[in-house]
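Here the structure is a predicted model, which is why all the values come from computation and not from measurement.
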Amino acid sequence: METITKFTSKNGVEITIRPAQADDSCAIIDTVRSNANERSYVLMEHYGKDVETEREYISDLDGTKNLLIVATAGSAVVGCLAALQADGGKRPETTHLLHLGLHLREEYRGHGIGTHLLDYAVAWAAEKGFKKLEANIFTTNKHSLGMFTKAGFAEEGVRKNRIQVGRELINEVLMGKVL
């Protein structure tokens with residue numbers, strides 16, 4: 001599989017998808033924080049709390065069992081996707097599982113970028129021999145639920161009242177795709 005892919009998004013912007021580099025750490029944190037108030041995705045808490053921690057995290061990722069990719073428009077990181085082996089690969093009974101988390105800056109949503117990030121991750125996972133992909137998505141994130149469903153993920157369960165945002169309790173949908 002090619003490590004760098006390029007395409008033109010639905011709004012005409014040239015997008016590059018590539019593995020994250022340590023120098024992307026600040027931009028990745030900014031992208032994650034750009035929609036942190038939504039709490040749309042839960043996997044991204046694996047990211048560092050500051051730029052230096054994020055740089056170390058990216059540098060230490062094992063590219064054979066974990067993937068961190070970014071989508072860029074010019075030099076700006078507009079999205080990122082993490083695909084992390086379940087339980088850090090430490091439990092033999094779950095080494096076939098890959099957990100996905102995806103973030104897009106709001107102004108870049110709805111233009112096919114998330115779908116391209118997800119397609120990249122699915123191809124990478126199949127190439128690396130993973131058997132199943134999983135994602136946890138809050139019910140308030142209708143766009144992501146639709147995108148993952150369109151990509152062949154199926155609902156496997158719902159965690160009721162999983163997170164509280166303000167006074168509202170929000171459910172979390174567990175989605176999976178068998179490769």
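- When hydrophobic clusters are built by joining Ile, Leu, Val, Met, Phe, Trp and Tyr residues whose side-chain heavy atoms come closer than 4.5 Å, directly or via intermediates, Met147 is grouped together with Leu81.
- In plain terms, the two heavy atoms of Gly79 and Thr31 that are nearest each other are CA-CG2, 4.0 Å.
- Lys132 and Glu156 are joined by a salt bridge, as a carboxylate oxygen and a charged side-chain nitrogen come within less than 4.0 angstrom of each other.
- Counting only heavy atoms from C-beta outward, the side chains of Ile4 and Thr16 approach each other to under 4.5 Å.
- No continuous path of ILVMFWY side-chain contacts below 4.5 Å connects Leu97 to Leu68, so the two sit in separate hydrophobic clusters.
- Atom OG of Ser144 and atom CG of Leu100 lie 11.5 Å apart (nearest 0.5 Å).
- You'll find the side chain of Arg159 reaches within 4.5 Å of the side chain of Asn136, heavy atoms only.
- Glu107 contributes no side-chain N or O that, together with a main-chain N or O of Arg109, makes up a donor-acceptor pair within less than 3.5 Å.
- Here the side chains of Leu133 and Phe153 are in contact, with some heavy-atom distance below 4.5 Å.
- The shortest non-hydrogen separation linking Leu102 to Gly114 is CD1-O, 3.8 Å.
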Test side-chain hydrogen bond (donor to acceptor under 3.5 Å, both in side chains) applied to Thr139 and Asn171, step by step
CA-CA 6 Å; Thr139 53; Asn171 296 340; 5.0 Å; no
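- Taking CD1 of Ile69 as the start and SG of Cys80 as the end, the distance is 9.0 Å to the nearest 0.5 Å.
- Minimum interatomic distance between Ile163 and Phe138 (heavy atoms only, all atoms of both residues): CG2-CE2, 3.4 Å.
- Considering every non-hydrogen atom in both Lys128 and Lys65, the closest pair reads O-NZ, 4.1 Å.
- Nearest heavy-atom pair, Pro19 versus Asp24, reported as atom, atom and distance to 0.1 Å: O-OD2, 4.4 Å.
- Atom-to-atom distance recorded for Glu106:CD and His143:NE2 is 11.0 Å, nearest 0.5 angstrom.
- Residues Val70 and Ile28 are in side-chain contact: their nearest non-hydrogen atoms beyond the backbone lie under 4.5 Å apart.
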Review item, side-chain donor-acceptor pairs of residues 116-125, under 3.5 Å, at least two apart:
from, atom 1, to, atom 2, distance (Å)
His116, ND1, Gly112, O, 2.9
Tyr120, OH, Thr3, O, 2.8

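- When side chains are defined from C-beta on, Phe130 counts as touching Gln85, because their heavy atoms get closer than 4.5 Å.
- Contact of the Val158 side chain with the Leu174 side chain is not registered, since no non-hydrogen atoms from C-beta on lie closer than 4.5 Å.
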Do Thr72 and Arg18 pass the side-chain contact (heavy atoms from CB on, under 4.5 Å) test, and can you show the C-alpha distance, the side-chain angles, and the key distance before you say yes or no?
CA-CA 8 Å; Thr72 61; Arg18 60 170 173 74; 3.9 Å; yes
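- By the 4.5 Å heavy-atom criterion applied to side chains, Phe7 and Ile17 are counted as neighbours.
- The closest side-chain heavy-atom distance from Lys6 to Glu14 is below 4.5 Å.
- With hydrogens and angles ignored, the 3.5 Å screen pairs a side-chain donor or acceptor of Ser9 with a backbone N or O of Val13.
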Any chance you could lay out the side-chain contact (heavy atoms from CB on, under 4.5 Å) test for Met175 and Leu145, step after step, and finish with the verdict?
CA-CA 9 Å; Met175 300 191 81; Leu145 289 169; 3.9 Å; yes
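- Considering every non-hydrogen atom in both Ile58 and Ala22, the closest pair reads CG2-N, 3.6 Å.
- Thr95 places a side-chain N or O within donor-acceptor distance of the main-chain N or O of Pro92, the cut-off being under 3.5 Å.
- The distance from the NE2 atom of His99 to the CD atom of Glu134 is 5.0 Å, given to the nearest 0.5 Å.
- In this structure, CG on Leu61 lies 5.5 Å from CG on Asn66, to the nearest 0.5 angstrom.
- Annotation: the span from Ile113 atom CD1 to Arg105 atom CZ amounts to 12.0 Å, rounded to 0.5 Å.
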